[in-house]
Amino acid sequence: MSTPQSIQEQLQSLEPSAIIELFELQLTAAVNGVDSTFYYHAGTNELSANIVFNGVTYTAFPIEVEGFEVTSKGTLPRPTMRIANANSSISALLVLYNPLQAKVTRIRTCKKFLDAVNFTSGNATADPTAKFEDEIWYIDRVANEN
């Protein structure tokens, strides 16, 4: 079984594996009107198809995030997420459900730790425990929809 040390070793190796960002958007009936979780990844690092990590399929979707940097100046980061409205799916989500206070979890791992099903010859290094600490954020506003 791998430990978080596996991530550190990977980052310090001469040929580190690509870092993969996964996102979970969790809506709850009490706050958003439905109990549902959506799983996305940005389709970067030569992974433009859906990917599986820890048995969960993450849909490739054009997502851009920024502002996760943590500083020692006392101000908290205020990340922003831009999601392409491919097939009007985001507009439909906004019409059907109120996304405010929905939970967004950012999961970061390395490509070499993704589930074996992602690779034609399998993956002996697949390890769902080898990841950075999850980051949890809550949607406080929808700045723009077009």
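None of the values given here were measured: they were computed from a predicted structure. Below, all heavy atoms of this structure are taken into account, side chains as well, without hydrogens, waters or symmetry copies.
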TODO: Compute the ring centroids of F23 and Y40, then answer whether they are less than 6.0 Å apart.
DONE: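 So the answer is no for these two rings.
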Task: Sub-4.5 Å side-chain heavy-atom contact between E21 and I107 - done: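 Side-chain contact under 4.5 Å: no.
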Task: pair I51-L22: side-chain heavy atoms closer than 4.5 Å - done: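 In contact.
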- [ ] Please collect all salt bridge (Lys or Arg N to Asp or Glu O under 4.0 Å) contacts where either partner lies in residues 82-100, sequence neighbours excluded, each pair once.
- [x]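 The answer is E64-R82, E66-R82.
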Task: Sequence neighbours excluded, every pair satisfying salt bridge (Lys or Arg N to Asp or Glu O under 4.0 Å) that has a member inside residues 88-98 - done: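 Sorted result for residues 88-98: empty, none.
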Distance check, rounded to the nearest 0.5 Å: [X] atom [atom1] versus [Y] atom [atom2]?
X	Y	atom1	atom2	answer
C110	I20	SG	CD1	8.0 Å
I63	M81	CD1	CE	5.5 Å
E133	R106	CD	CZ	12.0 Å

Can you name the closest pair of heavy atoms from [X] and [Y] and give their distance?
X	Y	answer
A126	A116	CB-N, 3.9 Å
N118	N50	OD1-O, 4.2 Å
D140	Q101	CA-NE2, 4.2 Å
T125	K112	OG1-O, 2.5 Å
H41	Y58	CD2-O, 3.3 Å
A130	F53	O-CZ, 4.4 Å

- [ ] Not counting sequence neighbours, which residues clear side-chain contact (heavy atoms from CB on, under 4.5 Å) with A102? List them please.
- [x]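 side-chain contact (heavy atoms from CB on, under 4.5 Å) check on A102 returns L25, L27, N32, I139.
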Task: Under the side-chain contact (heavy atoms from CB on, under 4.5 Å) test, residues paired with T37 that sit two or more places apart - done: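 Checked T37 against side-chain contact (heavy atoms from CB on, under 4.5 Å); matches are E24, Q26, Y39.
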TODO: For N54 and P128, indicate whether the former's side chain and the latter's backbone hold a donor-acceptor pair under 3.5 Å.
DONE: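 No; judged by distance alone, with no hydrogens or angles, the pair does not exist.
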- [ ] Check whether any side-chain N or O of N123 sits under 3.5 Å from a backbone N or O of L114 as a donor-acceptor pair, and report yes or no.
- [x]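 Between the backbone of L114 and the side chain of N123 there is a qualifying donor-acceptor contact (under 3.5 Å).
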Task: All side-chain hydrogen bond (donor to acceptor under 3.5 Å, both in side chains) counterparts of N98, not counting sequence neighbours - done: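 Partners of N98 under the side-chain hydrogen bond (donor to acceptor under 3.5 Å, both in side chains) test: none.
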TODO: Identify, with sequence neighbours excluded, every residue that meets side-chain hydrogen bond (donor to acceptor under 3.5 Å, both in side chains) alongside D134.
DONE: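 For D134, the residues satisfying side-chain hydrogen bond (donor to acceptor under 3.5 Å, both in side chains) (neighbours in sequence not counted) are K131.
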Open item on the list: If the test is side chain to side chain contact (heavy atoms under 4.5 Å, CB included), which one of V31, I90, L94 qualifies with P99?
Closed with: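 It is L94, the one option of V31, I90, L94 that forms the side chain to side chain contact (heavy atoms under 4.5 Å, CB included) with P99.
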TODO: I would like to know whether L93 and F38 meet side-chain contact (heavy atoms from CB on, under 4.5 Å); could you show each step before the answer?
DONE: CA-CA 11 Å; L93 184 94; F38 301 90; 3.6 Å; yes
Under a 4.5 Å side-chain heavy-atom rule over Ile, Leu, Val, Met, Phe, Trp and Tyr, are [X] and [Y] clustered together?
X	Y	value
F113	V52	no
V34	Y138	no
I136	V56	no

